[in-house]
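Read through the structure below, which is laid out as structure tokens, and then see the notes.
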Amino acid sequence: MLDKLTHQPHGVNAKALESKLVRVGVLGFGGLGQAAARVLAPKREMLWVAAADQKGYAYESAGLNPDNCIQTYCSQGSLGHLEPGGTLSNHSIQDLIETASVDGYFLALPNLPNTFMASVARQFIQAGWQGVLVDALKRTSALQELLTLKDELQEAGITYMNGCGATPGLLTAAAALAAQSYAEIHSVNITFGVGIANWEAYRATIREDIAHLPGYDVERAKEMSDAQIEALLDQTNGILKLENMEHADDVMLELAGICSRDRVTVGGVVDTRNSKKPLSTNVQVTGRTFEGKISTHTFTLGDETSMAANVCGPAFGYLKAGISLHQRGIYGLFTAAEIMPQFVH
Ligand code: NAD
């Protein structure tokens, strides 16, 4: 907290600075939740004050320490054991909403079952909470479920930023930008490469990816034991090849008026035993210019950037954008394809 204030120019009133800090909470403290805490640590404009996992939560209005939280979570299984600031609870999200003073939450939660994120949004509405929520959810059907809450979110005074990770998220927004060169969009092809050293660091991500494999669905992936997941990964040498995924980039680009959803395809390769990416993540946007030329724009992410960097960075950029909408009284549900993220300092 003090570090954050001393970064500021001299002569500025500390209290005024404090009031400008966006107080951030992170729901879910697995792979992405922990990375989110590290991404936030050096930021001057945001202060990480709250986090919840399945068995507890931690809240500290002066700011949480990522190292202490990660150490506690990894050694004792829940942030609820953190001292001071931790509380064990079987309704950690509900308790945190009621206890903490937070401007915006990043929902780094598993979306298992597929309606889970929408049920969390409903919890915020029912609690009468007001602020900004950001998710990085992936499935088209999950996003559609949230769309049905648009009016309720608006009435509740919540600005909900939907699909704001890497894909959907960064790559969908890049596609919306690239589309501007064209008079007509023919196709948007997203191909991602993810390399993680071990699947257990990102259990929900890997489970949800398995749900896209032929013969699997969300229900089946949710019911699989860790041993079954490991057996499956053993058969494929740790590699998951995913094609024609049900990814919300399609409906997001349709809603943003870029192209119909059937022109959007998403696939990728995940290596669960190697942190090197198996291929370069990219989005290709093909269209026809006003002169009648057919062309393709390609936006490729640097191979050194991790999944965590490409999800958490955009998520907080959209959180900052959401805060400025909220301050102007603009509530409801927005996707990463219709709002520009803002850079968080
Ligand atoms: P993880 O399995 O590593 O961690 C999940 C965390 O959520 C754990 O801390 C767990 O305790 C907590 N949790 C589970 N149920 C809870 C509950 N009821 N209340 C409170 N906490 C609860 O997950 P992960 O691999 O970090 O993935 C998180 C999400 O991010 C997944 O849904 C994944 O699909 C998504 N994701 C999106 C993108 C993208 O580009 N859009 C990329 C990667 C992952």
Side-chain angles (χ1 to χ4, degrees), residues 25-38 50-58 69-70 72-74 76-80 87-97 105-120 123 134-140 142-143 161-174 190 192-196 198-212 218 221-222 226 229 240 242 245-249 252 266 268 270 272 281 283 301 305-315 318 335-337:
V26 174
L27 298 186
F29 204 61
L32 287 184
Q34 292 170 38
R38 292 220 187 278
D53 58 51
Q54 201 162 14
K55 302 202 183 89
Y57 65 91
C69 289
I70 292 169
T72 303
Y73 181 86
C74 294
Q76 295 181 71
S78 173
L79 288 164
T87 307
L88 289 166
S89 162
N90 287 326
H91 338 89
S92 57
I93 296 177
Q94 189 64 38
D95 292 353
L96 193 59
I97 298 174
Y105 282 97
F106 171 35
L107 313 180
L109 293 161
N111 193 36
L112 297 167
N114 200 34
T115 52
F116 183 62
M117 212 63 82
S119 74
V120 172
Q123 267 182 279
V134 179
D135 73 35
L137 65 67
K138 298 214 242 189
R139 282 200 175 248
T140 306
L143 189 133
M161 312 298 285
N162 202 193
C164 298
T167 168
L170 182 60
L171 296 169
T172 338
I190 293 174
F192 62 82
V194 169
I196 51 179
N198 77 79
W199 84 274
E200 287 166 329
Y202 291 96
R203 285 165 192 266
T205 303
I206 299 306
R207 257 207 181 78
E208 289 174 41
D209 280 344
I210 287 173
H212 288 275
V218 176
K222 180 172 175 282
D226 287 358
I229 300 242
L240 296 174
L242 304 153
M245 299 171 82
E246 185 215 307
H247 246 230
D249 308 75
M252 287 163 67
V266 181
V270 182
T272 60
T281 297
V283 52
L301 303 187
T305 60
S306 61
M307 176 177 80
N310 292 318
V311 173
C312 298
Y318 281 104
T335 80

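Read the numbers this way: they start at 1 and go in the same order the structure lists the ligands and their atoms. It should be emphasised that the depicted structure is a prediction, and the values quoted were computed from it without experimental measurement.
- Listed by number with element, the atoms of ligand 1 under 4.0 Å from a non-hydrogen atom of G30 are 1 (P), 3 (O), 4 (O), 6 (C), 8 (C), 9 (O).
- Nearest heavy atoms, C164 versus V134: CB-CG1, 3.8 Å.
- With distances taken over non-hydrogen atoms, the option nearest atom 30 (O) of ligand 1 out of L107, N310, L27, L32 is L32.
- Of all protein heavy atoms, the one lying nearest to atom 11 (O) of ligand 1 is Q54 N, 3.0 Å.
- At a 3.5 angstrom cut-off on N or O pairs, G28 does not count as close to ligand 1.
- Looking at heavy atoms from C-beta onward, C312 lies in side-chain contact with F106 at the 4.5 angstrom threshold.
- At a 3.5 angstrom cut-off on N or O pairs, M307 does not count as close to ligand 1.
- Considering backbone and side-chain N/O of F116, none are found under 3.5 Å from N/O of ligand 1.
- Scanning the protein for heavy atoms near atom 35 (C) of ligand 1, the closest one is A136 O, 3.9 Å.
- The distance from ligand 1 to the heavy atoms of A201 drops below 4.0 Å at these ligand atoms: 3 (O).
- Regarding atom 24 (P) of ligand 1, its nearest protein heavy-atom neighbour is T205 OG1, 3.5 Å.
- Residues D209 and M245 form a side-chain contact, since some pair of their non-hydrogen atoms from C-beta on lies under 4.5 Å apart.
- Under a 3.5 Å cut-off, the side chain of E246 and the backbone N or O of R139 do not form any donor-acceptor pair.
- By the 4.5 Å heavy-atom criterion applied to side chains, K138 and N111 are not counted as neighbours.
- Close approach of ligand 1 to Y73 (heavy-atom distance below 4.0 Å) involves ligand atoms 8 (C), 9 (O), 11 (O).
- For the pair R207 and L112, the minimum side-chain heavy-atom distance is below 4.5 Å.
- Scanning the protein heavy atoms around atom 2 (O) of ligand 1, the nearest turns out to be A204 N, 2.9 Å.
- At a threshold of 4.5 Å between non-hydrogen side-chain atoms, the residues T272 and I206 count as touching.
- Atoms of ligand 1 lying under 4.0 Å from any heavy atom of S92, numbered from 1 in the order shown and given with element: 19 (N), 20 (C).
- Annotation for ligand 1: atoms under 4.0 Å from non-hydrogen atoms of I93 are 19 (N), 20 (C).
- Between the CZ atom in F192 and the CG atom in L242 there is a gap of 5.0 Å [rounded to 0.5 Å].
- Taking every non-hydrogen atom of A166 and a distance limit under 4.0 Å, the qualifying atoms of ligand 1 come out as 39 (C), 40 (O), 41 (N).
- Protein heavy atom at the shortest distance from atom 29 (C) of ligand 1 is L109 O, 3.3 Å.
- When only interatomic distances are considered, the shortest N/O to N/O separation between V311 and ligand 1 does not fall below 3.5 Å.
- Side-chain contact between I93 and L109 is present, with heavy atoms from C-beta onward closer than 4.5 Å.
- Within the listing of ligand 1, atoms 28 (C) sit less than 4.0 angstrom from a heavy atom of A108.
- Considering all non-hydrogen atoms of both residues, T281 and G193 come closest at OG1-N, 2.9 Å.
- Nearest residue to atom 7 (O) of ligand 1 from G33, S78, P110 is P110 (criterion: closest heavy atom).
- Between the D53 side chain and the L79 main chain, a donor and an acceptor come within less than 3.5 Å of each other.
- Each of the following atoms of ligand 1 lies closer than 4.0 Å to a heavy atom of R203: 2 (O), 3 (O), 25 (O).
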Inset, instruction - Starting from the C-alpha separation in whole Å, work towards a yes-or-no answer on side chain to side chain contact (heavy atoms under 4.5 Å, CB included) for R203 and D226. - result: CA-CA 9 Å; R203 285 165 192 266; D226 287 358; 2.3 Å; yes
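- Looking from atom 32 (O) of ligand 1 to the surrounding protein, the closest heavy atom is E208 OE2, 2.7 Å.
- With hydrogens left out, the protein atom closest to atom 3 (O) of ligand 1 is G31 N, 2.9 Å, a heavy atom.
- Scanning the protein for heavy atoms near atom 20 (C) of ligand 1, the closest one is D53 O, 3.1 Å.
- The main-chain N or O of L27 is never found under 3.5 Å from a side-chain atom of Y105 such that the two would form a donor-acceptor pair.
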